[in-house]
Amino acid sequence: MRLHRAELFTVEMPLVSPFATSFAVQTHRQLTLLRVETDAGVGWGECVAMADPLYSSEYLAAAGQVISDFLLPRLRGKDLSASAVSHLLGPVKGHRMAKATVEMALLDAELRGASMSLSDYLGGVHDRVPSGVSVGIMDSVEELLAAVGGYLEEGYQRIKLKIQPGWELEPVRAVRREFGDIALQVDANAAFTTADVRLFQQMDEFGLLLVEQPLEDEDLTDHAFLAARISTPVCLDESVVSAKSAADAIALGACSVVNIKAGRVGGYLEARRVHDVCAAHGVPVWCGGMVETGIGRAANMALAALPNFRLIGDTSASDRFFTTDIITQPFVIEDGYVAVPRGPGLGVEVDEQALAAVTVARTEIAL
Ligand SMILES: CC(=O)N[C@@H](Cc1ccc2ccccc2c1)C(=O)O
Ligand SMILES: [Mg+2]
């Protein structure tokens, strides 16, 4: 497969409501899309980095520059296969979300040309996945209970609450009291320290499915220290950046569940390797979310269809975050599930008008 053209789209989409986490309050999702033209066809990749380096060290402007200046030049003139892209990009250190964007676009093009769905290519075994939702930090417990009630009404099978110091035991206790033993978990986005062990021991009374990334993103040993002192399973997100780092985390006892995000680990092929390493250790995984458009969401649904994705992910419908998605058939929740695309490649089509309405810049990359 040869790469003929590449174009970066800088996109800004308003969120249906502010989304607050321990690291930021978001009212819009800024993101970058990569559109490639190859002799196998057109492909799309979505960069999940945030505009600011607050979730991880990557940020959108840097990712766009790395894609243009260091990643695509390594593919110029080469006879490519998507599975070889990570090898060609390997010498570039870090910038996993940027690399994931390039690999994803070429994988989409290659699979469309081969009339194979991403789910089949990755080894998906389900044609729909259970849908979970991530609920932000709110101004009051009343507001939180109203939001959670609404999501349960929509059919979401699992609720994830964002927490931070000062917003932890009270909101979780209130949700438990109001809604009983629903599938419930929390995500701290690395906001706590080992000084908070007592707090997480108190959290044990709520019978949560897991506590996600309680401590700093570049830590494994403190997570192991915490995991040994609480009964709630520890799940890592930010700390797992590759299959090897997943193996290290498991070996150190830092986690017993892993949140897999293809962008965070460098692509959907590495995400499958993380899935396989976790399966080999009997560690269940689930598909995390990065407030993606329907393009990234389609790829996540394919990934979430793999057999060891045994916990419910942040596999929400398109309207969890956006009133209008940029694909022609937005993802919807039906009986608590979301359908896995079955068409070639990502199995979704970009809605050119909808995309144009949220595109703030288009940049052709010289190849
Ligand atoms: C859905 C969810 O909770 N995602 C991430 C955190 C997150 C939260 C907010 C975001 C806003 C803009 C871009 C990326 C974002 C990622 C998580 O699991 O930790
Ligand atoms: Mg998380």
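Order of listing sets the numbers, starting from 1, for every ligand and every atom in it.
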Any N or O of [X] closer than 3.5 Å to N or O of ligand 1:
X: D187; value: yes
X: D237; value: yes
X: K162; value: yes

Return the minimal non-hydrogen interatomic distance between [X] and [Y], and the atom names on each side.
X: A82; Y: L269; result: O-CD1, 4.0 Å
X: A40; Y: E110; result: CB-CA, 4.2 Å
X: V240; Y: R264; result: O-NE, 2.6 Å
X: Q26; Y: M50; result: NE2-CE, 2.6 Å
X: I333; Y: E154; result: CG2-O, 3.6 Å

What is the name of the N/O/S atom of [X] that is nearest to the Mg ion (ligand 2)?
X: D237; answer: OD2
X: D187; answer: OD2
X: E212; answer: OE2

Just to confirm my output: which protein heavy-atom neighbour is closest to [atom], and how far is it?
atom: atom 18 (O) of ligand 1; answer: K160 NZ, 2.8 Å
atom: atom 2 (C) of ligand 1; answer: G289 O, 3.5 Å
atom: atom 11 (C) of ligand 1; answer: Q26 CG, 3.4 Å
atom: atom 10 (C) of ligand 1; answer: V291 CG2, 3.6 Å
atom: atom 8 (C) of ligand 1; answer: F19 CE2, 3.3 Å

Just by distance, with hydrogens left out, do S231 and D204 show a side-chain donor and acceptor under 3.5 Å apart? yes
Looking only at side chains, do S86 and E270 share a donor and an acceptor under 3.5 Å apart? no
Any idea which atoms of ligand 1 are less than 4.0 Å away from a heavy-atom of [X]?
X: T21; answer: 8 (C), 9 (C)
X: E212; answer: 18 (O)
X: S134; answer: 1 (C), 2 (C), 3 (O)
X: F23; answer: 7 (C), 8 (C)

Determine whether the side chain, the backbone, both or neither of [X] has a heavy atom under 4.0 Å from any heavy atom of ligand 1.
X: M290; value: both
X: V48; value: neither
X: K261; value: side chain

Do [X] and [Y] meet the cation-pi criteria used here (NZ or CZ under 6.0 Å from the six-membered ring centre, within 45° of the axis)?
X: R176; Y: F206; result: no
X: R158; Y: W286; result: yes
X: R229; Y: F225; result: yes

Nearest heavy atom to atom 19 (O) of ligand 1, choosing from D314, V25, N189, belongs to N189
Which label fits Y156 and Y151: parallel for a plane angle under 30°, tilted from 30 to 60°, or perpendicular past 60°? perpendicular
Sub-6.0 Å ring centroid separation between Y268 and Y121: no
